[in-house]
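Values below: every heavy atom of this structure, side chains too, minus hydrogens, waters and symmetry copies. Per chain, numbering begins at 1; letters A, B, ... match sequence-line order.
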Amino acid sequence: MHVSVDGKLVALEAGATYADLARAAGVPDALAARQGGQIYELFRPVAAEGEAELLRFFDADGAMVFHHTSTHMMAQAVRRLYPDAKFAIGPADAEGFFYDMDLSHQLGPDDFPAIEEEMRRIAAADYAVSREVLPRREAEALFAELGESLKLEILARLPEDAEISIYRQGEFVDLCRGPHLSRTGLVQAAKVLSVAGAYFAGDESRPMLQRLYGTSFPTKEGLEEHLRLLEEAKRRDHRRLGRELDLFTFHDVAPGFAFWQPAGTAIYRELEGFSREVQARYGYREVMTPWIFRPDLWQTSGHWGHYRENMFVVESEDETVALKPMNCPGHCLLFQETVRSYRDLPLRIAEYGPLSRFERSGTLHGLLRVRGFHQDDAHIFLREDQIGSGIEEVLEILRVIYGTFGLQYRVELSTRPEEYLGERALWDRAEGELAAALDRAGLPFRINEGDGAFYGPKIDVHVIDALGRQWQCATVQLDFQFPLRFGLEYRDQEGKAQTPVMVHRAIFGSIERFLGILLEHFAGAFPSWLAPQQARVLPVADRHLEYAQSVASELRALSLRAEADTRDEKLGYKIRSAAADKVPYLLVVGDREAEEGSVSVRARGETKSTALPRAAFAGRLAEEVRARRLELGAHAE
RNA sequence: GCUGACGUAGCUCAGUCGGUAGAGCACCUGCAUGGUAAGCAGGAGGUCUCGGGUUCAAAUCCCGACGUCAGCUCCA
């Protein structure tokens with residue numbers, strides 16, 4: 001038989017395995033093979049003639065197979081050390097793996113070295129991995145005998161006609177769909193990373209299992225490189241950078257609410273100002289509405305029935321009131337305050353006010369998940385014939401704003417959830433309108449079934465940061481429900497009452513969260529327009545203090561954020577300190593500069609400096625900030 | 001909320017067997033007046049998260065609360 005690999009035709013004898021294929025094709029580091037969309041172990045016979053693909057560790061699917069066997073090895077190690085361990089599921093992806101297990105011993109970091117050591121033994125033994133397909137009865141008998149009660153449950157949940165396969169390596173046997181490596185000896189470097197709780201099948205009502213996380217590589221060097229990347233992510237953690245750069249802090253007495261230091265507030269206000277500027281260009285008008293309302297409003301909006309567990313409810317003068325988690329109901333009231341004409345539409349109303357949402361204590365996470373935050377929120381009231389253009393306009397704003405940060409993004413369309421308001425037909429139409437607008441904007445999207453808001457479907461946007469991680473930020477929601485519930489209307493050409501359609505949208509999403517994401521994306525080294533301090537003047541000796549102050553105040557007169565470092569320290573110390581603060585431009589001033597009225601500019605990340613007349617530098621920096629340039633260039637010749 | 005770990009100076013952390021607390025950085029003072037990533041010396045700074053308990057004695061052991069972290073569940 002003939003199989004082609006990478007366009008190369010390979011002749012094989014009947015009954016040959018994928019290992020034979022790998023040998024014949026000259027791919028010694030193949031881990032598994034893919035053919036007809038399915039992944040096979042190397043020890044399995046070639047399924048068909050035609051094209052096949054040999055998977056190696058640097059293919060995402062190859063790494064997944066590698067990690068899958070690794071997680072079995074981890075389970076095998078745990079079983080040897082703790083014979084009472086029962087296993088649930090042990091999935092893998094390209095990054096690593098975990099295994100959910102139940103055992104009487106509470107695992108902790110102190111136990112990891114022993115588990116890793118045992119995994120090394122399993123690798124050294126180089127067990128062959130084998131696969132068997134069993135009738136359901138026999139599989140049940142096998143796992144019953146092994147006391148694997150969780151495996152029995154999983155078995156019982158498998159569909160009637162499922163093929164039931166088990167894998168063995170040495171004394172270890174596992175119910176598993178595969179695919180796997182052919183030998184345990186390939187896993188030369190493995191690390192147990194952490195342990196955390198996880199519910200069996202995600203069911204909160206069940207006792208919690210222990211989930212053991214790990215990762216593995218074919219070589220020690222690969223593992224070390226990966227551990228370095230984890231360190232890098234830790235170094236960029238916005239909570240750490242927020243503290244180091246004095247941007248914001250949290251306090252025990254206000255969990256989920258940030259204290260914004262002056263430096264953090266400066267960035268926050270820049271983001272807000274940027275949003276205002278762009279939105280004003282598109283005809284948005286900003287409003288301010290109350291942040292505490294009586295329940296009547298929440299009843300009308302439906303929040304009382306669908307969102308109450310996420311709201312802060314307060315007693316006040318014998319009545320119950322609630323803090324707003326969203327602006328939409330307030331904006332509906334505001335719309336209603338005036339008689340509206342079709343000429344007023346689309347009416348774009350923006351608000352940056354405070355929102356409060358009750359989040360369960362275990363879910364809080366720095367700025368990325370808080371209880372008190374602000375959105376760059378807006379509601380657009382439209383005629384039905386304006387839906388398409390309205391959504392497209394929002395997608396354009398999205399492009400403008402994300403483009404300014406150099407952020408890539410990915411789009412999802414979230415459809416009707418199980419708990420929803422209104423009629424199905426309206427939902428279907430709304431979903432269709434959103435999909436059509438995305439198509440027209442040329443944005444490919446994924447459907448996220450059942451993840452819409454209770455009042456309408458939404459477009460969710462995930463930004464991709466410098467480390468390739470994805471974060472949900474923008475949301476665009478089309479809503480036919482609120483206008484009906486609030487009885488909103490406008491007069492058409494004939495003077496007849498019509499119901500408008502509403503679009504809920506936020507581009508940053510939560511400004512707090514967006515700032516946290518930017519902080520990690522830029523690793524704290526913000527472009528100059530966002531930097532809390534845009535330039536710092538460093539006097540060489542104290543006879544230059546006065547000149548340094550005058551340079552700084554000239555910059556401040558141009559609305560630039562600049563300070564002089566007047567501390568009684570040497571220049572090297574101040575340079576180092578400014579580098580730690582990630583200030584974009586350092587302006588060194590000594591005898592020479594004071595005499596010529598110049599500054600010696602050193603840009604962040606560079607060691608060379610450039611002498612410039614102070615007015616020239618000020619003008620260039622002001623222009624760079626005005627244009628919101630991503631790269632530092634105000635010092636260039 | 002659930003499971004587990006953790007909570008010591010502003011920050012990062014040490015503190016052995018239970019015997020009343022320590023380092024580096026930061027801060028303040030003095031000397032040094034300096035030219036591109038840490039000058040030298042000194043000083044101040046603590047209700048060891050909080051509340052109970054055990055003990056002659058608790059940062060240390062036990063219980064509870066709160067917070068943080070890793071996840072789960074939920075979400076901007």
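Heavy atoms of A/R604 sit nowhere under 4.0 angstrom from any nucleic acid atom. Residue A/E309 is classed as having no contact, given no heavy-atom separation below 4.0 Å to the nucleic acid. Using a 4.0 Å heavy-atom cutoff across all strands shown, A/S600 reaches at least one base atom of the nucleic acid.
When the P atom is compared between B/A70 and B/U12, the two are found 14 Å apart, to the nearest whole Å. Comparing B/G45 with B/C25, their C1' atoms are spaced 14 Å from each other, to the whole Å. B/C61 and B/A5: their P atoms are spaced 13 Å apart (whole Å). Taking atom C1' in both B/G15 and B/C72, the straight-line distance is 35 Å, to the nearest Å. A gap of 15 Å separates the P atoms of B/G18 and B/C56, to the nearest Å. To the nearest whole angstrom, the two C1' atoms, one in B/A38 and one in B/U20, are 36 Å apart. Distance check on atom C1': B/G71 versus B/A9 gives 32 Å, rounded to whole Å.
When the nearest nucleotides of RNA chain B are assigned to A/K570 and A/Q210 by heavy-atom distance, the more 5′-ward of the two goes with A/Q210.
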(message) Return a single string for nucleotides 66-76 of chain B, one symbol per nucleotide in 5' to 3' order, where B is base contact, S is sugar-phosphate-only contact and - is none, cutoff 4.0 angstrom on heavy atoms.
(response) -SSSBBBBBBB

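Base pairing in RNA chain B gives the following stems of 3 or more Watson-Crick or G-U pairs, range against range and under 3.5 Å: B:1-7 with B:66-72, B:10-13 with B:22-25, B:27-31 with B:39-43, B:49-53 with B:61-65.
Side-chain contact annotation: A/R567 with A/S577, donor-acceptor N/O pair under 3.5 Å present.
Contacts classified as side-chain hydrogen bond (donor to acceptor under 3.5 Å, both in side chains) and involving residues 506-521 of chain A (residues at least two apart or in different chains) are given here: A/H238-A/E520, A/H374-A/E512, A/R469-A/E520.
A distance of 10.0 Å separates CZ of A/F250 from CZ of A/F259, quoted to the nearest 0.5 Å.
By the 30° and 60° cut-offs, the orientation of the rings of A/F274 relative to A/F405 is perpendicular.
A/E563 approaches A/A552 most closely through the heavy-atom pair C-CB, 4.0 Å.
Here A/F482 and A/H504 bring their ring centres to under 6.0 angstrom of each other.
For A/D568, the side-chain atoms get nearest to B/U33 when compared with the rest of B/G39, B/U33, B/G35.
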